[in-house]
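Notes for the one structure printed next.
Computed over heavy atoms, backbone and side chain alike; hydrogens, waters and symmetry mates excluded. What you are looking at is a predicted structure, and each value in this text was computed from that prediction instead of being measured. Both counts, for ligands and for their atoms, begin at 1 and track the order of listing. Count residues from 1 along the sequence.
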Amino acid sequence: MMNNATPHTIDVALGERSYPVWIGRGLLDDHARWRAMLRGRHALIISNRTVAPLYLERVARGLDGLRWSSFLIDDGEAHKSFANVGLALDALATLGATRDACVIALGGGVVGDLAGFTAACWMRGIDFIQMPTTLLAMVDSSVGGKTGVNLPAGKNLAGAFHQPRAVVADIDTLDSLPEREYRAGIAEIIKGAAIGDAPFFTWLEQHAQALNTRYETALVQAIAAKVRYKAGVVARDETEQGERALLNLGHTFGHALETAGHYTTLLHGEGVAIGMLLAARLSERLGMSGPADTLRLEHLLKAVGLPTTVPAGSDPQQLLALMRLDKKNTAGTLRLILWRRIGQAEIVTGVNEADVLAILQKATTEQR
Ligand code: NAD
Ligand code: GLY
């Protein structure tokens, strides 16, 4: 659907590398807006075989007069790979892309991370524009410049900080997004509120039903609030020297669950949902927070249809071993994001493994 209403605009303030995040309907067709961000004569659209048939044509129409081509990957996390970065770089070479070329990432977080990393590598860094088509990518992965790919040794182990020139979040694209993917995106919205915005958490509790029905006013408000929150964190701590690590609330537990399920059992957002709840329970066990906040989180996750229990067959010892591999850990000790209360997350180092194991053991006795 096309609509010429002015989009919500949120700036990610990074000096001369600042960029806008536009959120609204019809933005893929608003060529004049995003085309102004292209500096050169070459563009490569990177997408996947699910998204391209739906939306690539609308983007391509905006590239009239330029030398452009597209590079499509197969659908799925397994294709966020070094091999595909190599092929995407080959596509840039075939195009004859110069240093002022632009990569356009059209898709979810998998495409966005891979396309951003490709842009970071070509001639040591060229422009790229994020056109996120999943809710998760709109509220999280397209903003902040973390790009990268998975290695056989682990998820997101190779990458670079490389900020986009603009983020074009056309909410029309959410109309075709499967329900489960939509809910996974809601998890990332809840995460932002849980970390640092208690009034927004209350708002989400009040608007859970509206979000479940994808009621547009509530949805756009929720996307904008999460992007505004993340943009602030990124502006203060672009390369994760401190505060930005808070954005990983639920990730250490969540990544372990995702990895244990070989990335097929849980979506990223679902892993984050369960992981946030386990982090809240651990916070409670360590005397950092009270049970009422844990309960509110559990109720909100359930209200929007997100999982709150670990998958059947989860093995606490295996999950703990996977948590030891997390990138946030330092010098052999567990470093986790926990919370004091809703809206106040905290980085905690030297977490006792016995406490983590106790939480995991309890979680596996109430598994699905
Ligand atoms: P995804 O990119 O795999 O997309 C989910 C599914 O939805 C895919 O099957 C995709 O083809 C499909 N799809 C996408 N848009 C669609 C649309 N409009 N209509 C119909 N189907 C559509 O997954 P995701 O949840 O968007 O992103 C997950 C990835 O993002 C992970 O690799 C994760 O590591 C990464 N991530 C990165 C950051 C970051 O800061 N860079 C943050 C969070 C997550
Ligand atoms: N998703 C975590 C970050 O962008 O820092």
Side-chain angles (χ1 to χ4, degrees), residues 12 28 46-56 58 72-81 84 105-117 120 128 130-150 154-164 167 169-189 191-192 195 226-227 229-252 254-255 258-259 263-264 266-272 327-328 337 345:
V12 183
L28 293 186
I46 299 183
S47 190
N48 76 12
R49 295 197 162 82
T50 302
V51 176
L54 298 171
Y55 302 112
L56 191 139
R58 285 168 62 181
L72 305 185
I73 60 171
D74 287 335
D75 198 345
E77 186 70 38
H79 303 286
K80 202 172 96 175
S81 64
N84 272 328
L106 176 69
V110 165
V111 162
D113 282 9
L114 177 129
F117 190 44
F128 83 113
Q130 289 274 18
M131 295 191 178
T133 63
T134 63
L135 183 57
L136 183 141
M138 288 180 189
V139 301
D140 197 344
S141 60
S142 67
V143 178
K146 277 192 183 174
T147 73
V149 293
N150 304 320
K155 198 167 141 75
N156 296 332
L157 281 182
F161 285 101
H162 188 57
Q163 300 292 341
V167 180
D170 185 338
I171 64 162
D172 280 355
T173 61
L174 299 181
D175 293 347
S176 58
L177 191 68
E179 193 58 26
R180 196 174 160 203
E181 298 291 349
Y182 175 78
R183 291 182 194 280
I186 298 286
E188 295 287 3
I189 294 175
K191 188 187 75 179
I195 296 166
K226 169 66 201 293
V227 169
Y229 172 71
K230 181 163 182 181
V233 174
V234 169
R236 290 188 293 275
D237 180 21
E238 182 183 3
T239 56
E240 200 167 307
Q241 303 307 306
E243 182 187 358
R244 187 165 179 174
L246 297 177
L247 296 179
N248 294 311
L249 177 68
H251 279 58
T252 310
H255 277 171
E258 277 184 87
T259 309
Y263 305 105
T264 54
L266 291 174
L267 299 178
H268 178 70
E270 293 172 336
V272 167
K327 290 198 290 298
K328 288 184 296 304
I337 312 305

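- Using modelled atom types, one side-chain atom of N150 and one backbone atom of N156 make a donor-acceptor pair closer than 3.5 Å.
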May I have every N or O pair linking ligand 1 to the protein at under 3.5 Å, one per line with atom names and distance?
from     : atom 1 : to   : atom 2 : distance (Å)
ligand 1 : 2 (O)  : G109 : N      : 3.1
ligand 1 : 2 (O)  : V110 : N      : 3.0
ligand 1 : 9 (O)  : D75  : OD1    : 2.9
ligand 1 : 9 (O)  : D75  : OD2    : 2.8
ligand 1 : 11 (O) : N48  : ND2    : 2.9
ligand 1 : 11 (O) : D75  : OD1    : 3.1
ligand 1 : 11 (O) : D75  : OD2    : 2.8
ligand 1 : 15 (N) : T133 : O      : 3.3
ligand 1 : 15 (N) : T133 : OG1    : 2.7
ligand 1 : 18 (N) : T133 : O      : 3.0
ligand 1 : 18 (N) : T173 : O      : 2.8
ligand 1 : 18 (N) : S176 : OG     : 3.4
ligand 1 : 19 (N) : S176 : O      : 3.3
ligand 1 : 19 (N) : S176 : OG     : 2.7
ligand 1 : 26 (O) : G109 : N      : 2.8
ligand 1 : 26 (O) : T134 : OG1    : 2.7
ligand 1 : 27 (O) : G109 : N      : 3.1
ligand 1 : 32 (O) : E77  : OE1    : 2.8
ligand 1 : 32 (O) : E77  : OE2    : 3.0
ligand 1 : 32 (O) : K80  : NZ     : 2.8
ligand 1 : 34 (O) : K80  : NZ     : 3.1
ligand 1 : 34 (O) : K155 : NZ     : 2.8
ligand 1 : 34 (O) : N156 : ND2    : 3.4
ligand 1 : 41 (N) : D113 : OD1    : 2.9
ligand 1 : 41 (N) : K146 : O      : 2.8

Please tabulate, one line per pair, the protein nitrogen or oxygen atoms found under 3.5 angstrom from a nitrogen or oxygen of ligand 2, with distances to 0.1 Å, or say none if there are no such pairs.
from     : atom 1 : to   : atom 2 : distance (Å)
ligand 2 : 1 (N)  : D140 : OD1    : 3.3
ligand 2 : 4 (O)  : K230 : NZ     : 2.6
ligand 2 : 4 (O)  : R244 : NH2    : 2.8
ligand 2 : 5 (O)  : K146 : NZ     : 2.9
ligand 2 : 5 (O)  : R244 : NE     : 2.7
ligand 2 : 5 (O)  : R244 : NH2    : 3.3

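- For the ring-ring contact (aromatic ring centres under 6.0 Å, His included) test, no residue two or more places apart in sequence or in another chain qualifies with H79.
- Side-chain atoms of Y55 come within 3.5 Å of backbone atoms of T173 as a donor-acceptor pair (strictly under, hydrogens ignored).
- In this structure a side-chain-to-backbone donor-acceptor pair under 3.5 Å is missing from S47 to G107.
- Using a distance-only test at 3.5 Å, with no hydrogens or angles considered, a donor-acceptor pair links the side chain of Q241 to the main chain of T239.
- The backbone N or O of G145 sits less than 3.5 Å from a side-chain atom of Q163, completing a donor-acceptor pair.
- Under the side chain to side chain contact (heavy atoms under 4.5 Å, CB included) criterion, R183 pairs with E179, N212, L306, not counting sequence neighbours.
- One N or O on the side chain of K226 and one on the backbone of E188 form a donor-acceptor pair closer than 3.5 Å.
- Remark: the backbone N or O of T50 is not paired with any side-chain donor or acceptor of D75 at under 3.5 angstrom.
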